[in-house]
**Student:** 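Can you keep this structure in mind? I'll have questions shortly.
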Amino acid sequence: MRRLSPFLRAATAATARRQLQPQLQAISHFKGCYSYSTVSGEAPLSSWPPKPSKPLRILFCGSDDFSCEALRALHAEHRRNADLIRSIDVLVRPAKPTGRGLKVVRQPPPRILAQELGLAVHERDTFTGWEMPHPGGEPINLIVAVSFGLLVPKRLLRAAYYGGLNVHPSLLPDLRGPAPLHHALLAGRTHTGVSLQTLAEDKFDAGAILAQTSRPGLAIPGGCTVEQLHALLAPLGASMLVAGLRAGVHVPPVIAVVPPERRTGLIPRAPLLHAPKITPAHRQVPWVPIPSGGPGPSAQDVARRAHVLGQLWTHARPSHTGLKMRMILDGVDVAPRDEWPADAAAFARLAAAQLREKQQQQQRQRETNPSQTQPQSKKKRKNRVPEIEIDLDQIRAAGGSLADKPLKTVTWLQMPVADPTGSTNDARDEALVEVRTPYFVDDAAGGGRRGAVLVPMAGGGGGGGGGGFLRIRAIKAEGDRSRAAVEAIRAFTEEEPVDSGLVSFFDGDVFQLLDPLTSWFEDLDVF
C-alpha cells in the first residue's frame, strides 16, 4: 500500500474530523462535556462566533452576595431572551444561626433574592440522595455554581447535558479556593480578575478555564477592602457568565483559554497561591516564621492583615503570673519612620547592624565550608530565631524615653500552625513559640496616637524596608475591657534595669522551612 506524505495525512485527518464532528460532539457529551481544546488567544467573548445552544434549564447553586450578582444577571437574561435561558431553579443551603449566642437565624442571600424574583427555590445541605428538579417536565441541562461551598457530584454533572459552570473571583489557577478576595489582599496582589470555568467532577476550581479577565487583570485600588473588591468583581463575573452563555462556551466540545504564563515553557511560572477559608487562626499575629511562611512578617504585612481581617489576636505572659493570656489588638497600623521615637530608631539601627553581621558570617561559613550548604530536607526543622543582643547604653545615647528609664519588654506567645489551612493547636502549651520584644511608647499628641505602643517586627518580607514597627492603639486583654495599649500592656511588661547592659531579643525556638536569618531587618540600612 502506498504511504501518504505527512501533508496528505494531515489533510486527510482534518477532513475526517469535519465529517465526524457530530459523532465527536456526542462522544464528548457522553464523557461528561469535559473533553476540550485549548486556545492561546484572549479575544473577548463578544467577538467569538456563537455556538448554537439548546434552551437552558439552569440549576443555580449559590450561598452569598457574590452569587446573588450572578443570579440577578441570569434572571435579567432570562427575561430578555427566553430562547437562551428557558428556566432557572435555585438551590441554597439551609439557614444557619449566627451572631452572639447563635440566636439569629440568617437566610442565605440567594434565597431572599430568588423569592423576590419569583424563582423556584430548593434547599439542601448535601447532595446525597437528591435528584434535580424537572421544570416544566424537562430535565435540568446546565448547573451554575457560584460561591456555593458544596462540590457538585459527578452524577449530577453528567445528568446535565451541558455539565456545569462556575464564576471565580480570581485569575485562575492563582488563588484557587473559597476566599480569593481575602487572600488577594493579604498577599498584597496589585491586580486580580474573574474567571469562568467548568465544574470539575472531583475537586474545586480545577475545571477548564473558558474565559478570564485579560492579564495583568484589574488593578486593585490602594487601601481596598474585601467589600470594595467584591463590589468591583461581582458585576464583572456576572457579565462574564452571561456573555459566555450567549457565546455558547458551555456547548461541547468546550474551548479552554490557557493563561498566558502557562502557554509556553519560555515564561517562568508565577508563584500560585491557595485561598483557603478564613479561620480565626488567620487573625493571629505571626511574630515569627511559620511552616511554609518563609521569614517572619514585616509590620506592613501585619498591618495589611488587620486592614483585611479586622481585629487581630495574640497571647502574652503577664509579668505577675507567667500564664498565657489572650489579647485582642485594635487600631493596628505601621508607624512611619518620621514618627519613631528616638530610642525606637536607635534600636532599629542596632538590630539591623547586628543581623547584617550575622548574615555575613553565615555567608563566609558557606564559602569556606561548601559541604555544609547542602539543600535542607523538606521535613520541618526546629531552628532558633536569630538572637539579637542590644546594648541599652547605645540606645540611651540616642535620647528619647530611655534616657533615664528602664527598657520595657513583653514576651509574646504564638500558637503553632497545625496545617496549611491556618488552623491552630490551642491545647499544647509546650508547643508555643515565645518571642521577647521591647516596646516603645508613642507619646506624640494628635492623630489618635497618644497611648499607642510601637513593637518592632523581625521580618523583612512584604516589601517593607525591614521589619519596621507595628503600632497598636488599643488592647483588650482576656477578662478585661478594651484599653489604650500603653495602659493595657503594663500587666505584661518586664523591665530591664538601667544598668543591665546587653539584653537579648527575638530569641526562641520555631519550626520553619527556610533559613532563619533570611530577610530579618535586612533593609533597615536605608534608615
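Everything numeric here is computed off the predicted structure, so don't read it as measured data.
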**Student:** Using the rule side chain to side chain contact (heavy atoms under 4.5 Å, CB included), only one of Thr213, Leu232, Leu181, Ile220 pairs with Thr192; which is it?
**Tutor:**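 Testing Thr192 for a side chain to side chain contact (heavy atoms under 4.5 Å, CB included) against Thr213, Leu232, Leu181, Ile220 leaves exactly one candidate, Ile220.
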**Student:** Counting N and O atoms only, with roles assigned by atom type, does the side chain of Gln228 sit under 3.5 Å from a partner on the main chain of Thr225, one being a donor and the other an acceptor?
**Tutor:**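 Indeed, once roles are kept as given, a pair shorter than 3.5 Å links the two residues.
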**Student:** For the residue pair Gly237 and Val167, what are the closest heavy atoms and their distance?
**Tutor:**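 Shortest heavy-atom contact: CA-CG1, 3.6 Å.
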**Student:** Which pair of non-hydrogen atoms, one from Phe469 and one from Ala344, has the smallest distance, and what is that distance?
**Tutor:**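 Heavy atoms of Phe469 and Ala344 come nearest at CZ-O, 3.2 Å.
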**Student:** Taking side chain as C-beta onward, heavy atoms only, is Glu69 less than 4.5 Å from Pro235?
**Tutor:**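 Contact flag for Glu69/Pro235 side chains = yes.
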**Student:** Evaluate the side-chain proximity of Gln212 to Leu196: yes if any heavy-atom separation is below 4.5 Å, no if none is.
**Tutor:**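 Of all side-chain heavy-atom pairs linking Gln212 with Leu196, none is under 4.5 Å.
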**Student:** Would you say the side-chain atoms of His274 pair up with the backbone N or O of Arg176, donor to acceptor, closer than 3.5 Å?
**Tutor:**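 Checked: pair present.
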**Student:** Does any part of the side chain of Leu329, heavy atoms only, come nearer than 4.5 Å to the side chain of Lys476, both counted from C-beta?
**Tutor:**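 Side chain of Lys476 against side chain of Leu329, heavy atoms only: no contact under 4.5 Å found.
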**Student:** Do any N or O atoms from the side chain of Asp301 and from the backbone of Ser298 form a donor-acceptor pair under 3.5 angstrom?
**Tutor:**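 Answer holds: yes.
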**Student:** If you define the side chain from C-beta out and look only at heavy atoms, does anything of Leu175 sit under 4.5 Å from Leu171?
**Tutor:**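 Contact flag for Leu175/Leu171 side chains = no.
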**Student:** Could you check if a side-chain atom of Ser67 sits within less than 4.5 angstrom of a side-chain atom of Asp64, using non-hydrogen atoms only?
**Tutor:**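 Side chain of Ser67 against side chain of Asp64, heavy atoms only: contact under 4.5 Å found.
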**Student:** Regarding Asp442 and Arg473, does a basic nitrogen lie under 4.0 Å from an acidic carboxylate oxygen?
**Tutor:**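 Arg473 and Asp442: not salt-bridged.
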**Student:** Has the side chain of Glu494 got a donor or acceptor atom that lies under 3.5 Å from a matching backbone atom of Thr409?
**Tutor:**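 Flag not set: sc Glu494 to bb Thr409 has no pair under 3.5 Å.
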**Student:** Show your reasoning for whether side-chain hydrogen bond (donor to acceptor under 3.5 Å, both in side chains) applies to Glu434 and Thr411.
**Tutor:** CA-CA 6 Å; Glu434 295 190 2; Thr411 299; 5.5 Å; no
**Student:** Determine yes or no for a side-chain-to-main-chain donor-acceptor pair under 3.5 angstrom, with Thr314 supplying the side chain and Met327 the backbone.
**Tutor:**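 Here the side-chain-to-backbone pair does not exist.
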**Student:** I'd like to know if the side chain of Arg283 reaches the main chain of Leu309, judged simply by a donor and an acceptor atom lying under 3.5 Å from each other, with no hydrogens or angles considered.
**Tutor:**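 The answer is yes, because a donor-acceptor pair under 3.5 Å joins these two groups.
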**Student:** Does any part of the side chain of Val146, heavy atoms only, come nearer than 4.5 Å to the side chain of Leu165, both counted from C-beta?
**Tutor:**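 With C-beta onward as the side chain, the pair stays apart.
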**Student:** In the structure I gave you, are the side-chain heavy atoms of Leu91 and Arg124 within less than 4.5 Å of one another anywhere?
**Tutor:**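 A side-chain contact under 4.5 Å exists here.
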**Student:** List the atom of Cys224, the atom of Leu185, and the distance in Å for their closest heavy-atom pair.
**Tutor:**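 Nearest heavy atoms, Cys224 then Leu185: O-CD1, 3.7 Å.
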**Student:** How about His183 and His282: are their ring centroids closer than 6.0 Å?
**Tutor:**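 Ring centres of His282 and His183 closer than 6.0 Å.
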**Student:** Any sub-3.5 Å donor-acceptor pair from Gln284's side-chain atoms to Gln414's backbone N or O?
**Tutor:**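 No; judged by distance alone, with no hydrogens or angles, the pair does not exist.
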**Student:** Please check: side-chain N/O of Asp330 versus main-chain N/O of Gln311, any donor-acceptor pairing under 3.5 Å?
**Tutor:**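 Checking the backbone N and O of Gln311 against the side chain of Asp330, no donor-acceptor pair under 3.5 Å is found.
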**Student:** Specify the closest pair of heavy atoms between Val410 and Ala316, including all atoms of both residues, with the distance to one decimal.
**Tutor:**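 Reported closest heavy-atom pair: CG1-CB, 4.3 Å.
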**Student:** Testing the basics here: between Leu74 and Val144, what is the closest heavy-atom pair and its distance to 0.1 Å?
**Tutor:**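 In this case the closest contact between Leu74 and Val144 is CD1-CG1, 4.4 Å.
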**Student:** Counting distance only, does the side-chain N/O of Asn166 pair as donor-acceptor with the main-chain N or O of Gln197 below 3.5 Å?
**Tutor:**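 Not a single qualifying donor-acceptor pair exists.
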**Student:** Tell me whether the NZ or CZ atom of Arg436 lies within the 45° cone about the ring axis of Trp412 and under 6.0 Å from its centre.
**Tutor:**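 No, Arg436 does not sit over the ring of Trp412.
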**Student:** Check Pro110 against Val90 and note the closest heavy-atom contact, atom names and distance.
**Tutor:**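 Closest pair (atom of Pro110, atom of Val90, distance): O-CG1, 4.4 Å.
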**Student:** Keeping Thr493 on the side-chain end and Lys408 on the backbone end, is there a donor-acceptor pair under 3.5 Å?
**Tutor:**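 No, the answer is negative, given that no donor and acceptor are paired below the 3.5 Å cut-off.
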**Student:** What residue among Arg111, Lys96, Arg93 forms salt bridge (charged side-chain N to carboxylate O under 4.0 Å, His left out) with Glu123?
**Tutor:**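 For Glu123, the salt bridge (charged side-chain N to carboxylate O under 4.0 Å, His left out) test succeeds with only one of Arg111, Lys96, Arg93, which is Arg111.
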**Student:** For residues Leu113 and Arg72, determine if any side-chain heavy atom of one lies less than 4.5 Å from a side-chain heavy atom of the other.
**Tutor:**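 Of all side-chain heavy-atom pairs linking Arg72 with Leu113, at least one is under 4.5 Å.
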